[in-house]
Protein chains: 2
Amino acid sequence: MSNPKVPHRLQYENSPIDAVDSRILAALDADSRLSMSELARLVGMSAPAVSERVRRLEAGGVIRGFTLDVDARALGYQIRALVRIRPLPGKLHVVEKLIQDTPQFIECDKITGDDPFLARLVVHSIEEMDDVLEALSDYAVTSTAVIKGTSVARRLPPL
Amino acid sequence: MSNPKVPHRLQYENSPIDAVDSRILAALDADSRLSMSELARLVGMSAPAVSERVRRLEAGGVIRGFTLDVDARALGYQIRALVRIRPLPGKLHVVEKLIQDTPQFIECDKITGDDPFLARLVVHSIEEMDDVLEALSDYAVTSTAVIKGTSVARRLPPL
DNA sequence: GTTGAAAATAGCACGAA
DNA sequence: TTCGTGCTATTTTCAAC
């Protein structure tokens with residue numbers, strides 16, 4: 001079970017993070033550009049100490065990276081949609097590559113069930129959406145649900 | 001159309017970002033903790049100039065925030081799933097609140113179609129998944145697809 | 001984890017294109 | 001306007017404890 005070449009379990013799974021790490025994660029999730037000194041003030045520790053904790057959270061795989069929250073709408077992508085994609089028989093890999101090569105798909109998960117892929121799409125217009133889906137139509141059946149709003153904005157898993 | 005109280009269009013929609021802004025966004029998306037001086041070196045400008053551009057991208061709504069990419073699996077959430085949720089008649093708002101109050105739902109969009117909500121769920125085990133879905137069962141019908149993998153990791157819209 | 005010193009950085013004013 | 005330079009305050013990093 002514990003084949004070291006196949007780490008199905010990552011470091012922190014068995015040594016749960018403590019309260020300080022939780023506060024660090026929450027603070028950095030809200031603003032990943034916080035200075036280590038400011039973060040240190042927030043959690044009541046010295047800067048080198050929190051800096052070392054952040055480093056360990058990265059090394060342990062908890063923090064996969066520091067990233068950006070970009071508003072697609074502000075870039076003119078006025079329509080967001082979630083697209084379920086069911087490749088025709090034998091077309092699974094072709095379809096996956098096509099999704100990956102279509103930059104308007106900004107995210108795609110492989111899932112169980114009738115439709116192997118669920119992808120997040122951003123487009124400027126209905127016409128652009130039609131172009132993207134049309135390009136898939138020879139290889140897959142798609143079901144598109146336009147996003148009307150957000151009930152839960154991306155948030156951390158419970159810590 | 002241009003009711004200032006309802007800014008359906010944000011700043012950058014009509015004045016597209018230039019090549020330098022694109023490189024700034026790509027670099028910060030890869031590592032939002034880059035120092036302004038390092039970022040300046042990457043794009044070949046002075047630090048104050050780059051700093052001002054980042055400030056404008058924030059003010060213009062393109063950059064909504066600087067955030068963290070946390071690996072739920074490293075925290076012990078070994079199962080991720082996408083859940084379509086269809087509230088029973090009259091239960092829409094109850095269900096939405098229930099989703100929001102269930103921290104294992106780390107994201108939820110309101111969408112068109114038969115199922116008004118599509119939520120992303122993280123749980124430690126099948127038992128925990130059952131607990132969460134069971135709590136919804138008096139108010140909604142759910143369809144759950146377990147995530148087997150990722151074809152496209154979250155990426156920026158085409159710039 | 002803490003402290004303290006050296007190097008790097010950020011933020012600001014100001015002038016130039 | 002937007003960018004570059006130079007100054008100062010802050011921050012990061014490393015050492016020693």
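Naming convention: chains lettered A, B, ... in sequence-line order (proteins, then strands); numbering from 1 in each chain.
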> Have a look at B/Arg55 and say if it touches a base, only the backbone sugar-phosphate, or nothing, with a 4.0 Å heavy-atom cut-off.
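Nothing: the residue B/Arg55, judged by heavy atoms under 4.0 Å, touches no strand.
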> When the nearest nucleotide of DNA chain D is assigned to B/Val50 and to A/Ser35 on a heavy-atom basis, which residue is associated with the more 5' position?
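Looking at the nearest nucleotide for each, B/Val50 comes out on the 5' side.
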> Count I, L, V, M, F, W, Y as connected when their side-chain heavy atoms are under 4.5 Å apart, and connections chain through other members. Are B/Val70 and A/Ile24 then in the same cluster?
yes
> Between the opening five pairs and the closing five pairs of the helix from C/dG1-D/dC17 to C/dA17-D/dT1, how far apart are the helix axes, to 10°?
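One end axis against the other gives 40°.
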> Taking side-chain hydrogen bond (donor to acceptor under 3.5 Å, both in side chains) as the definition, give me every residue that meets it alongside B/Ser32, ordered by chain and number, with sequence neighbours left out.
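For B/Ser32 the side-chain hydrogen bond (donor to acceptor under 3.5 Å, both in side chains) partners, ignoring immediate neighbours, are A/Ser32.
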> In this structure, how many angstroms lie between the P atom of D/dT1 and the CG atom of B/Asp21, rounded?
17 Å
> May I ask you to say what B/Ser46 touches in the nucleic acid, namely base, sugar-phosphate or nothing, with a heavy-atom cut-off under 4.0 Å?
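Base, at least one base atom sits under 4.0 Å.
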> Checking side-chain hydrogen bond (donor to acceptor under 3.5 Å, both in side chains) between B/Thr67 and each of A/Asp69, A/Asp31, A/Thr67, A/Asp29, which is the one that passes?
A/Asp29
> Within the pair A/Arg41 and D/dT11, is there a side-chain N or O less than 4.0 Å away from OP1 or OP2?
yes
> First contact, last contact: which nucleotides of DNA chain C are these for chain B, 5' to 3', heavy-atom distance under 4.0 Å?
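With heavy atoms of chain B under 4.0 Å away, the range is C/dT9 to C/dC12.
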> Report, as yes or no, whether the 6.0 Å neighbourhood of atom NZ on A/Lys97 holds more than 12 heavy atoms from other residues, nucleotides or ligands.
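For A/Lys97, atom NZ is not crowded (no more than 12 foreign heavy atoms under 6.0 Å).
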> Going hydrophobic residue to hydrophobic residue with side-chain gaps under 4.5 angstrom, can you get from B/Val132 over to B/Val141?
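Each belongs to a different hydrophobic cluster.
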> Does some side-chain heavy atom of A/Ile63 sit less than 4.5 Å from a side-chain heavy atom of A/Leu25?
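Yes; the side chains approach each other to less than 4.5 Å.
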> Could you tell me which non-hydrogen atom of A/Phe66 sits nearest to which non-hydrogen atom of A/Leu28, and how far apart they are?
CE2-CD1, 4.1 Å
> Looking at A/Arg33 and B/Glu58, is any side-chain nitrogen of the basic one under 4.0 Å from a carboxylate oxygen of the acidic one?
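No, this pair does not count.
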> What is the distance from CE of B/Met45 to P of D/dT2, rounded to the nearest Å?
11 Å
